[in-house]
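Reviewing the structure listed below.
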Amino acid sequence: MIWRQVLLLSCFSAVVLLSRLREGTSASVGSRQAAGDEAQEAENRQKLRADELRREYYEEQRNEFENFVEEQNDEQEERSREAVEQWRQWHYDGLYPPYLYNRHHI
């Protein structure tokens with residue numbers, strides 16, 4: 001009879017011990033999981049920041065290139081205008097009105 005009480009007491013203590021161990025491991029797993037979530041969020045924030053910096057860099061490069069192209073076009077247009085003006089002055093003989101008013105209409 002005593003051996004039954006000892007066996008029952010040892011089984012009951014084993015159940016209590018296992019339940020405590022399971023709660024402890026679930027708590028430690030929960031804290032590890034929370035730490036893992038925080039690390040994942042930090043990594044995501046870093047990736048978003050890197051993407052934002054990359055986007056800003058490429059936008060700045062595109063704006064600089066557009067400005068460069070616009071300046072080149074303006075310079076080319078100015079050179080062409082000056083060349084046409086020089087041609088008009090060279091070929092104008094003074095007898096006719098300026099070139100713009102002496103166009104041949106077809």
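Note that CG of D37 is 10.5 Å distant from CG of N44, once rounded to the nearest 0.5 Å.
Grouped by direct or indirect side-chain proximity (heavy atoms under 4.5 Å, Ile/Leu/Val/Met/Phe/Trp/Tyr only), F68 sits with F65, V69.
Residue R49 forms a side chain to side chain contact (heavy atoms under 4.5 Å, CB included) with just one option from R45, E52, Q46, and that option is E52.
Taking the side-chain contact (heavy atoms from CB on, under 4.5 Å) definition, one finds that E75 meets it with Q72, R79, sequence neighbours left out. Applying the side chain to side chain donor-acceptor pair (under 3.5 Å) criterion to E78, with sequence neighbours excluded, gives R81. Every residue meeting the salt bridge (charged side-chain N to carboxylate O under 4.0 Å, His left out) condition with E43, not counting sequence neighbours, appears here in chain and number order: K47.
Screening residues 53-66 for side chain to side chain donor-acceptor pair (under 3.5 Å), with sequence neighbours left out, gives D51-R54.
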